[in-house]
Amino acid sequence: MKILLTEREQSHLDLLPLTYTRSIGDLRIGILTIAEKWGKYLEATVEHRTTNQLQELYTLTGDHDLFIDASILPDENLVSAILSLDNGQALYYEDQLIATKENESHSDCKKIIYTNEITKVNYSWDLFRLNGQEIRKDFELITASKRSEELADAHTICYGKEIFIENGAKIKAAVLNAENGPIYLGKNSEVQEGSVIRGPFSLGESSVVKMGAKIREGTTIGPHSKVGGELSNSILFGFSNKGHDGFLGNSVIGEWCNLGADTNNSNLKNNYAEIKMWNYTSDRFIKTGLQFCGLIMGDHSKCGINTMFNTGTTVGVSANIFGEGFPRNIIPSFAWGGSSGYSTYLPKKAFETAQLMMKRKGKILSETEEKVLLDIFDQTAKYRSWEK
């Protein structure tokens, strides 16, 4: 079976800055990306239809059996309903199109109403808001037919039974508490001495939890990342580092990011008020409905030591933040500076930094990726007010 994850323009815009550099289907939530979830549930090959600027990153190979809204997350009931579709039928939740079979043009399809609730990622902060429940679902999906490796270290203390250790994972003198949610340790990952972890938690392939880290519920560390200090209900997509002390809470960090030593973010206002976040569709701050909301950071962005991020901060792509004080809570892509002001982080310099970081992980910045980043540079010029 082959499925195509499709996007509405509105959904893509509402998920910026994370979707500047990826399709909605490549967003990580829980243990897996959205595309990986659909692939496992349906035992299918998954392809992406995304914006014109990003489509070069994704291959389309012709006919598809199913067309599914990429912002909707699968579960057993929904998958069963989709598999029950006949040719020329479209599955809807209220007025929301979920999926069509063999016919992408849903206007010609017979409308089938899905009566159960659906889980949809509307905004970037939905990723950490829903992350705990998605770790639980992915844990069951991944481990159902597999057997965990044995814990070899006598000095690691475990609470609860839902702890799954993939081949090559190393744990020494840690505390793993899975009483309130599962803990998943990916292939060749490492949990170093003195770390304390509460589930639900996921550690991606070849990622490292450094000595003495404190990790609370609802946290996902994507592949090839390093984390230290204190984390709570946060997601690192992959190939990113928060290697030192400092707090990261209710946040989403893209790929190829680095948070300097003692970086901290606020995730709760002093007056306990509802937090607003920047919305790229309306170009203004909108209500999140959340009391806890921290930092959303796009790919290739970095910050220096002792950086402080205010409650509800959005950082674009390829920004470099440093200096004392709290910077603005909307930081444009390709910004260089901090609370004292910004200059433009020119693409040539940004590419040099990206190439050096990626080389450390055995990766390169491709010409197609450079083209995407240049498009982002042009798209986001309107936010760099100092250039005018």
Side-chain angles (χ1 to χ4, degrees), residues 7-29 34 50-51 53-54 69-73 93-97 117-134 218 232-235 237 248-254 257 265-299 301 303 308-319 321 326-335 339 342 376 379-385:
E7 300 179 8
R8 295 183 177 186
E9 183 181 6
Q10 178 76 39
S11 295
H12 192 92
L13 291 173
D14 282 336
L15 287 160
L16 296 175
L18 301 172
T19 47
Y20 271 133
T21 47
R22 62 178 53 77
S23 70
I24 292 175
D26 267 348
L27 295 172
R28 187 174 299 279
I29 177 171
I34 297 173
T50 184
T51 64
Q53 294 90 338
L54 291 176
D69 186 326
S71 65
I72 295 173
L73 305 182
Y93 174 77
E94 297 177 346
D95 294 329
Q96 168 74 59
L97 174 66
E117 292 293 320
I118 62 169
T119 304
K120 188 174 188 298
V121 178
N122 293 300
Y123 300 102
S124 55
W125 49 89
D126 287 333
L127 295 172
F128 68 75
R129 183 179 65 83
L130 299 169
N131 198 49
Q133 73 176 46
E134 288 300 308
S232 176
N233 190 200
S234 294
I235 303 172
F237 279 175
L248 183 71
N250 302 95
S251 299
V252 183
I253 307 297
C257 297
N265 81 281
S266 169
N267 63 341
L268 174 68
K269 287 188 171 184
N270 289 348
N271 62 1
Y272 294 82
E274 178 184 352
I275 296 167
K276 294 181 179 181
M277 290 287 288
W278 184 259
N279 176 251
Y280 287 86
T281 302
S282 57
D283 277 345
R284 62 182 179 86
F285 290 93
I286 65 172
K287 293 179 178 180
T288 63
L290 302 175
Q291 194 175 55
F292 288 89
C293 189
L295 171 67
I296 306 295
M297 178 179 280
D299 288 8
S301 286
C303 64
M308 299 187 297
F309 290 106
N310 220 326
T311 319
T313 293
T314 299
V315 179
V317 173
S318 288
I321 306 113
F326 286 97
R328 301 172 57 198
N329 53 0
I330 170 64
I331 300 172
S333 298
F334 294 92
S339 60
Y342 296 98
I376 296 167
Q379 289 175 49
T380 58
K382 62 180 181 179
Y383 299 112
R384 296 189 293 274
S385 58

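Everything quoted here is computed from the prediction, not taken from an experiment. One-based numbering along the sequence shown.
A heavy-atom distance below 4.5 Å is not found between the side chains of Ser385 and Tyr342. No side-chain heavy atom of Pro332 sits under 4.5 Å from any side-chain heavy atom of Thr380. Thr21 places a side-chain heavy atom less than 4.5 Å from the side chain of Val317. Looking at Asn279 and Tyr123, their side chains come closer than 4.5 Å, going by heavy atoms from C-beta outward. Residues Arg22 and Leu54 have side chains not in contact (no heavy-atom distance under 4.5 Å, counting atoms from C-beta outward).
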Using side-chain contact (heavy atoms from CB on, under 4.5 Å), reason through Leu73 and Val121 one step at a time and then give a plain yes or no.
CA-CA 8 Å; Leu73 305 182; Val121 178; 4.0 Å; yes
Decide side-chain contact (heavy atoms from CB on, under 4.5 Å) for Thr311 and Phe292; before the verdict, give the C-alpha distance in whole Å, the side-chain angles of both, and the deciding distance to 0.1 Å.
CA-CA 8 Å; Thr311 319; Phe292 288 89; over 6 Å; no
Walk me through whether Phe285 and Ile330 qualify under side-chain contact (heavy atoms from CB on, under 4.5 Å).
CA-CA 9 Å; Phe285 290 93; Ile330 170 64; 3.8 Å; yes
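Between Leu130 atom CG and Thr119 atom OG1 the span is 6.5 Å, to the nearest 0.5 Å. Note that OG1 of Thr19 is 7.5 Å distant from CG of Leu13, once rounded to the nearest 0.5 Å. In this structure, CG on Leu290 lies 14.0 Å from NZ on Lys276, to the nearest 0.5 angstrom. In this structure, the separation between CG on Asp14 and CD1 on Ile286 is 6.5 Å, given to the nearest 0.5 Å. In this structure, the separation between CG on Asn233 and CG on Leu127 is 10.5 Å, given to the nearest 0.5 Å. Rounded to the nearest 0.5 Å, atoms CD1 (Ile118) and CD (Gln96) are 5.5 Å apart.
Summarising the geometry of Leu15 relative to Ser124, their closest heavy-atom pair is CD2-N, 3.5 Å, with the distance given to 0.1 Å. Closest approach of Ile376 and Ser333 over heavy atoms only: CG2-OG, 4.2 Å. Listed here is the closest heavy atom pair of Glu274 and Gly289: OE2-N, 2.7 Å. Contact record, Val315 with Phe309: CG2-CE2, 4.0 Å, taken as the closest heavy-atom pair. Nearest heavy atom pair, residue Pro17 against residue Thr314, reads CD-CG2, 3.8 Å. Of all heavy-atom pairs between Ile331 and Ala319, the closest is CG2-CB, 4.3 Å.
Inspection of the Asn271 and Lys269 side chains reveals no N or O donor paired with an N or O acceptor under 3.5 Å.
Looking at Asn265, its side chain does come within 3.5 Å of a backbone N or O of Gly249 through a donor-acceptor pair. Between the side chain of Ser234 and the main chain of Asn250, a donor-acceptor pair closer than 3.5 Å is present. Between the side chain of Glu7 and the backbone N or O of Thr50, no donor-acceptor pair lies under 3.5 Å. Distance alone, capped at 3.5 Å, is enough to place a donor-acceptor pair between the Thr288 side chain and the Ile275 backbone.
Surrounding NZ of Lys120 are more than 12 heavy atoms belonging to other residues, nucleotides or ligands, all under 6.0 Å away.
Listed by first and then second residue, the salt bridge (charged side-chain N to carboxylate O under 4.0 Å, His left out) pairs involving residues 281-296 are Asp283-Lys382 (not counting sequence neighbours).
Legend: residues meeting ring pair (Phe, Tyr, Trp, His ring centres under 6.0 Å) with Tyr20, ordered by chain and number and at least two apart, are Tyr280.
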